[in-house]
Structures are given as C-alpha cells and as structure tokens.
Amino acid sequence: MENINLGFDSLAVHAGSIEDALGSAVSPIYQTSTFKFKNADHGARCFSGEEDGFIYTRIGNPTIGELEKAVAALEHGYGGIATGSGMAAVNTVYMAMLGSGKHMIGHHSLYGPSRSVIEGLYTKFGITSSFVDATRVENVINAIRPETSLIFLETPANPSIEITDIVAICEIARQHNIPVCVDNTFCSPYLQNPLDLGADIVIHSMTKFINGHADVVAGMIVTKTKAFYDKLRPVMVIMGCNMDPHQAWLTRRGLKTLGIRIDRAQESSIKVASFLENHPKVEWVKYPGLKSHPQFELAKTQMRGPGAMISFELKGGLESGKIMMNSVKMALLAVSLGGIETLIQHPASMTHSKLSKDAKKAAGITDGLVRLSVGIENVEDIIADLDQALACV
Ligand SMILES: Cc1ncc(COP(=O)(O)O)c(C=O)c1O
C-alpha cells in the first residue's frame, strides 16, 4: 500500500506490509533459510543484483524485510537493517565505522555493554575511545581527534536518564565530518527521531519498546542515506548478525501497538514520578517529565514526550534497594525495559554488583539507584505496589 502522508499509528500498523497472494490480513512468516531460483540464470541475476530476489535468509527475507521497511518509515530513514539483538546492531555499527587506528567518542553512561565492548574487545583491533559526559557539548569538542570516525550517543541514557543535545552534537560532528549514531531505545521512534535532528544512524534494542512484550530479543539499524545503508548492510550479513523470520514477525506484531502502549505507560509514568518525588524515603527522581530533571527544557525540544523510564535514589542506599526489590509484589524484579509489564531493578545489588566502585561511579550507578520501567497496568496498582514496597524499607 501507499504509505506516504500516513500518521505514526497508521504507519506502525501498515508500513511495509506484504501483499500476500491469498489475501491474509497478517503477513505470513517466511520461515525458510533459503529460496528456490527459477533457473541458473535467475540465480545469477539475483546474486549480481540485476534482479530483486531472495537468496538466503541471512542476506534477506520477506518477513524481516517488512519489519525493516516499517521501522525505517517510522524513523524517517532511507532503510532498515534488522539484527538478532540490540548488541548485534551496536556491533554492526562499530565494525563498519571503526578500524585499526580509529577513535570513537561515546557518551559516558551508555548501556554498559555498548561501552565495555569498545574498551575491552575492540582494543585488540587497535581502536581507541573517549567516553565523556556528552550532555556538555564542549566535552565532545575537546575529545575530537583527527582519527575520530564515530560519535555514539544514547539519549536518554541507560540508566542515568541523562539527555544529550542531538542537534548541537551533530552540528559539531558535521563540521569535522564525523558520523553520529544515536541509540534511540529509550524513546523509540514514537517519541524521538534522531535522523531528523541531524544523526546519520539510529539503532534500537527492539527487545524493549518496539516489540514491547518481553518475548523477543531483537535489534535494528536505520540509516539516513543509501551510502550508510550500503556500508552497514554487508557487515551485518557477513558477521551473521541477522534476525530470524519468526523473531521478525513477533516484533512486527508488537510494533503495531507501539504508540498506544507508550501513551498509556507515559501517562502513568508522570503520576508515578510525582508520587516518588514526594515520597519521604526517596532522595531524588530522574524523569524527563519532571521540572527537576536537569535537561527538562532540552527534553521538551527533542522528545515528543518524557517516556516511561524513571530512575530514583533511595535514601537508605544499598540495603534499602535490596529490601525494596524483595518487597515488590506486582512489578517484576527483572532487567530489560519497555514492555507492557512494570519492571524494576536495583543496579548496585544486581546488574552492576560486580563492578568496582570507580566503574560504578563512571556508569552513574549509586548505591540506592533504582530503575523503573513503567508498564501498562492500572496506575493505581503500580503506585500501590511501590508504596507498600517503600513502606518495608
Ligand atoms: C539502551 C540499550 N541499548 C542496547 C541494548 C542491548 O540490546 P539487546 O539486549 O537487545 O542486545 C540495551 C539492552 O538493555 C539497551 O538498554
């Protein structure tokens, strides 16, 4: 169907849809590893690119292609490249943009593995990096070197909820001819479109809001131009970072309700954040919808809403965090985020418990920090659950 001029939710439902010969309302799952050629010449034409045709699912597949087209349409990009996980998307970008002698600038509080893989694994390929507080543009400017070949941002960042000025950093990057990639996982295309703000590449852990049902691990890269698409897609294929058709089908189904899921979770998040901010056992709350957020004004200019991710600090530190985690009844004590279920986790005693004090500090992890991903349950129940858990602290 012709998708031009459709609104977000209409695109989320229809974009990329396959015209099925039997007229099924829902696109079928092409659960196949390979595709038959009509004859040897046809095979040759598909391989040379003279004819569009599917060859092998690692290279391309109709079900995966539908999802790629849909997310690219929502991100206002040239094309989408689906990957088996969010980290596969991150690594495809790193592999394509970096190399021996190259340097990357990253925001200091990226999702942990997006930073640790650069500071660990990639150093053996002669790649260097500077992780700086990119909420201050001058820190990025000062970190630029002649060999800098990628700026990697994540905004809002996980779990600090720090917000980076995408327009300002892309402006600087353009002056130095450095590509910018933004991890848009926390917002999803419903709340923020980094490509419209000057970025060259967007990545998603679609495990989170885009799929939204905690039943799939998946990633996506969207590029602004054909040139970046042509640079990145072959890397995904040769590295085997591809998605599986069934994974793509589930994610495409989740994507259809992205807008209404975020509307509901966000409406509740505003109430939950205010409840927490007024609670005597809570030291501070970081939520882009609260005036107390240091980048409240910036959030309003680059995001269409504050989202459904909240971080807060408990007054009693580590012990209080553990007690609260053991006391929640409805919220799931689990990592991940962006699903229909409210998820809660305490990084200092869980995901980041093995990190040194310095590493925790660098990642913005304090002893009482709690990360909350607000789901679509009734807001009264979410608040009542947090209230009774805080009473145990
Ligand atoms: C912001 C962000 N980027 C990337 C990832 C990695 O995604 P995945 O777990 O799908 O590999 C995560 C996972 O939590 C994340 O929160």
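Numbers here simply count residues along the sequence, with the first being 1. Numbering of ligands and ligand atoms starts at 1, following listing order.
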Original post:
side chain to side chain contact (heavy atoms under 4.5 Å, CB included) with H346: which of L369, L318, L314?
Top reply: L318
**OP:** Identify the heavy atoms of D367 and A348 that sit nearest to each other, and give their distance.
**Re:** O-CB, 3.7 Å
Original post:
Are side-chain heavy atoms of D133 and H107 found at a separation under 4.5 Å?
Top reply: yes
Original post:
Between the side chains of E154 and S114, does any donor sit under 3.5 Å from an acceptor?
Top reply: no
Original post:
What are the two closest non-hydrogen atoms of A134 and T164, and how far apart are they?
Top reply: O-CG2, 3.4 Å
Original post:
Within a radius of less than 6.0 Å around NZ of K315, do more than 12 heavy atoms belonging to other residues, nucleotides or ligands occur?
Top reply: yes
Subject >> Atoms in ligand 1 flagged as close to E154, the criterion being non-hydrogen separation under 4.0 Å >> reply: 1 (C)
Original post:
Going by the order shown, which atoms of ligand 1 are within less than 4.0 Å of some heavy atom of G86?
Top reply: 7 (O), 8 (P), 10 (O), 11 (O)
Original post:
Among all protein non-hydrogen atoms, which one is nearest to atom 11 (O) of ligand 1, and what is the separation to 0.1 Å?
Top reply: M87 N, 2.8 Å
Original post:
Of the non-hydrogen atoms in I340 and E377, which two are nearest, and what is the gap between them?
Top reply: O-OE1, 3.7 Å
Original post:
Would you say L337 and ligand 1 have an N/O pair spaced under 3.5 Å apart?
Top reply: no
Original post:
To the nearest 0.1 Å, how far is atom 10 (O) of ligand 1 from its closest protein heavy atom, and which atom is that?
Top reply: T207 OG1, 2.6 Å
**OP:** Run the contact test for K208 against ligand 1 with a 4.0 Å cut-off on heavy atoms, strictly below, and give the result.
**Re:** yes
**OP:** Please determine if S114 has a nitrogen or oxygen closer than 3.5 Å to a nitrogen or oxygen of ligand 1.
**Re:** no
**OP:** Compute the ring centroids of F228 and Y78, then answer whether they are less than 6.0 Å apart.
**Re:** no
Subject >> Nearest protein heavy atom with distance in Å, relative to atom 6 (C) of ligand 1 >> reply: Y111 CE2, 3.4 Å
Subject >> Atoms in ligand 1 with a heavy atom of D183 nearer than 4.0 Å >> reply: 1 (C), 2 (C), 3 (N), 4 (C)
**OP:** Write out the residue and atom name of the closest protein heavy atom to atom 7 (O) of ligand 1, then the distance separating them to 0.1 Å.
**Re:** S205 OG, 3.0 Å
Subject >> Shortest protein contact, atom 16 (O) of ligand 1 (heavy atom only) >> reply: N158 ND2, 2.9 Å
